[in-house]
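Everything on this sheet refers to the single structure shown next.
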2 protein chains.
Amino acid sequence: MAVSKKVLASIENSSWIRKMFETGNVLRAQHGAEKVCDFSLGNPDVEPPAAFQQALRDVVAAVSPRKHGYMPNAGYPDVRALVAAQVGTEQGCSLTGDQLVMSCGASGAMNAALKTILDPGDEVIASVPCFMEYNAYVDNHGGRLVLAPSRPDFDLDVDAIVGLIGPRTAALIINSPNNPTGRIYPEATLRRLSAALLQAGKKTGRTIYLLSDEPYRKLVYGGAKVPGIMALYPHTLVMASYSKDLSLPGERIGYVAVNPAADDARRLIDGIILCTRILGYVNAPALMQRVVARIQGIAVDVEIYRRKRDLFSSALSAMGYEFTIPEGAFYIFPKAPGGDDLAFVKALQEELILVVPGRGFGMPGYFRIAYCVDTPVIERSFPGFERVMRKLHR
Amino acid sequence: MAVSKKVLASIENSSWIRKMFETGNVLRAQHGAEKVCDFSLGNPDVEPPAAFQQALRDVVAAVSPRKHGYMPNAGYPDVRALVAAQVGTEQGCSLTGDQLVMSCGASGAMNAALKTILDPGDEVIASVPCFMEYNAYVDNHGGRLVLAPSRPDFDLDVDAIVGLIGPRTAALIINSPNNPTGRIYPEATLRRLSAALLQAGKKTGRTIYLLSDEPYRKLVYGGAKVPGIMALYPHTLVMASYSKDLSLPGERIGYVAVNPAADDARRLIDGIILCTRILGYVNAPALMQRVVARIQGIAVDVEIYRRKRDLFSSALSAMGYEFTIPEGAFYIFPKAPGGDDLAFVKALQEELILVVPGRGFGMPGYFRIAYCVDTPVIERSFPGFERVMRKLHR
């Protein structure tokens, strides 16, 4: 057999998001692209801000030797310093460049961090619904992902998480604002989580690292704030990218920062730098490092997404769909009318509308809409959503 | 312990190239950067060609929607088609875009391919001297690197390779032109290798994949040609980057192509696409995909490297250093005078000259010079090389 057993199984059970993408291609070929309403992929439709375009032109025009050459695996020292200052401000904690490593997106950061931390058989907890690629990332490095339920309002269920902690528990992954729910975990919850993790770590005799995946931090609505987790729990690693807030997912640029108060912080950073190298990333793309360094704190206009959210939410509510209004990110995660997410998604496909079933996020009975698409596409989808609701909600 | 046992051991035994880099930083701080002659890192000093600069400006200026957004994990279809056509020409075999995946450099390509192929405990053979990062790449995915000696002229020792093949052997990695020797494996050797691998595969009942790492293919001197390995052995994967031939190592752009004649070729490609995603690369950087697609077949002016090679080679020869004149790449791999590569490297450091000991490539008793540096630095190093030769060669 050419392909490893694990990879073969993964090909055959390809991700739900990917399946929807392929279904979309078939539907587009059959019916024409303009007929299909595709809400399956979180590929931002808002163009990167003008400041990004200017920074890109400036960096391209600048003359400096070995501009596209190797730099230290952790990234350019000046870029690390600028990004660390911004992350420190967001996290309410003082951070310097040597506590941060530039990465190939948040997924590159997550893989480098997990490889650094995990011994074979170690466990990592995540709270469903969540981005299920975490499963593969943990498995890449010999670990096992353990899923905790969340509360009915999609807040973290701290007791459920603590109940899953054992001697093999190395880390907990959280993602706020959350994909797929748009939930921001409140500061009070994070304080309880922090106390509980410290206590559980004492019991197991092992520091439980908190990996905070924050690519949607700047995409929040109505003045909502994402609490700085580093100020609340010492053993924290924050990973993020510019994929969503600058609309650059194809450029693979992000970072991971280690709380200087974390146990063994220096060794974690050394490990992450090493793993960035030996996983074959080597370093984050050179040109984009320099570009994002120039526009720290800048994001796309979130009002554009807010209007799409409101448009979609009002329409779905009026049709009788049940969901919590997302506080951030660009997803809505309603209950599937009739209760069976696969049946619902299939019925929607007959209307040429693509969404991802909740089981793709570890939570059957729901579905995810990615509303980072053109407004006319959103409007065009409403009659289909309405018909399927009438058909399935009996 | 915060950091996994394996990563901790790797931090403590950091690579020789990395050690030299750190020694260089210490020496530069003590003596001033202009006093240190650093030949440790293969970071090209020749600027990317004018065609690259133009293509970069054009791609930046072009207006298209979601230009920095996600594309299929394998890369843009039009980019894959253009690159595949060029690789087909180089390899003497017909290749289409769906037989090629754009990657984050050759190391990203190598990791995606190895994860696709390897089951736990599988073995991969490489021929020393070689880039020892292969060891980490194979280990990342549960495999074990097995090292074969080469012939005295650094050609592949086909018998030695075949002698190491057993039921766990999944693949052989070759690298031509070779880092660190500059050797191009001759077509006759590759033909013998092909026949031997086919026969050995029949014996073990398992296809042995040949992973051909070719980032230096276009950096060859005196009209030398690198044979197309796909035309010689069916079960071949070719991986390469634009790091060396376009001087873009910091941008992380490359590809992997699968010979359509390889066993299970379609599944290999599917696996590589999946692994590109789940290893967290997701896709090769978007902007650079479009840039390199526009300048297929173009490389830096190799005459610049040829002159550096000739300058360095003549001087070292005159001093009594023993080595084979490199046919490609930008490294020279001489015998360490006195026979002890560590003692030699240490003596050179006292002259503020940095090279990498041969054991960093699995071959003690030699040392590697990376001559991709400014010509005045090369010239400035000659008295130091001369003194150390007189001191150690007794």
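Chain letters run A, B, ... following the sequence lines, proteins first and then strands; every chain starts at 1.
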Cut-off 4.5 Å, heavy atoms of chain B, and the answer for A:P48 is side chain
Turns out that what part of A:L268 lies under 4.5 Å from chain B's heavy atoms comes down to both
Bottom line for B:T116: the part with an atom under 4.5 Å from chain A's heavy atoms is both
Rounded to the nearest 0.5 Å, the OG atom of A:S4 sits from the NZ atom of B:K115 at a distance of 7.0 Å
Discussion item. Please check this pair: side chain of B:R66 against backbone of A:P44, looking for a donor-acceptor N/O pair closer than 3.5 Å.
Written reply: yes
Honestly, the part of B:I278 sitting under 4.5 Å from a heavy atom of chain A is both
Between A:E47 (side chain) and B:P65 (backbone), is there a donor-acceptor pair under 3.5 Å? no
Here the gap from A:H141 atom NE2 to B:K6 atom NZ, rounded to the nearest 0.5 Å, amounts to 11.5 Å
One option among B:N73, B:V46, B:L248, B:D263 has the most heavy-atom pairs under 4.5 Å with chain A, and it is B:L248
Chain B shares the most heavy-atom pairs under 4.5 Å, among A:G108, A:P285, A:S103, A:A109, with A:P285
Highest number of heavy-atom pairs under 4.5 Å with chain B among A:A136, A:S107, A:P249, A:A262 belongs to A:P249
Bottom line for B:E251: the part with an atom under 4.5 Å from chain A's heavy atoms is both
### Query
Donor-acceptor pair, B:D264 side chain versus A:V3 backbone, under 3.5 Å?
no
Residue from B:I273, B:N111, B:D122 scoring the most non-hydrogen pairs under 4.5 Å with chain A is B:N111
#### Entry: N-O pairing of A:R277 and B:E133 below 4.0 Å
yes
If one checks every heavy atom of B:C275 against chain A at 4.5 Å, the contacting part turns out to be side chain
So, the part of B:A284 with a heavy atom under 4.5 Å from chain A: the answer is backbone
Chain A shares the most heavy-atom pairs under 4.5 Å, among B:T207, B:I253, B:D139, B:L118, with B:L118
So, the part of A:N283 with a heavy atom under 4.5 Å from chain B: the answer is both
Between the CG atom in A:L279 and the CG atom in B:N140, the distance rounded to the nearest 0.5 Å is 5.0 Å
Has the side chain of A:N43 got a donor or acceptor atom that lies under 3.5 Å from a matching backbone atom of B:Y70?
-> yes
Greatest number of non-hydrogen atom pairs under 4.5 angstrom with chain B, of A:G69, A:G105, A:G271, A:G142, falls to A:G69
On a heavy-atom basis, the closest approach of B:V282 and A:R252 is CG2-NH2, 3.2 Å
Max heavy-atom pairs within cutoff under 4.5 Å with chain A, candidates B:L287, B:L246, B:N135, B:D270, goes to B:L287
request  = Could you tell me how the ring of B:Y281 sits relative to the ring of A:Y281: parallel (under 30°), tilted (30 to 60°) or perpendicular (over 60°)?
outcome  = tilted
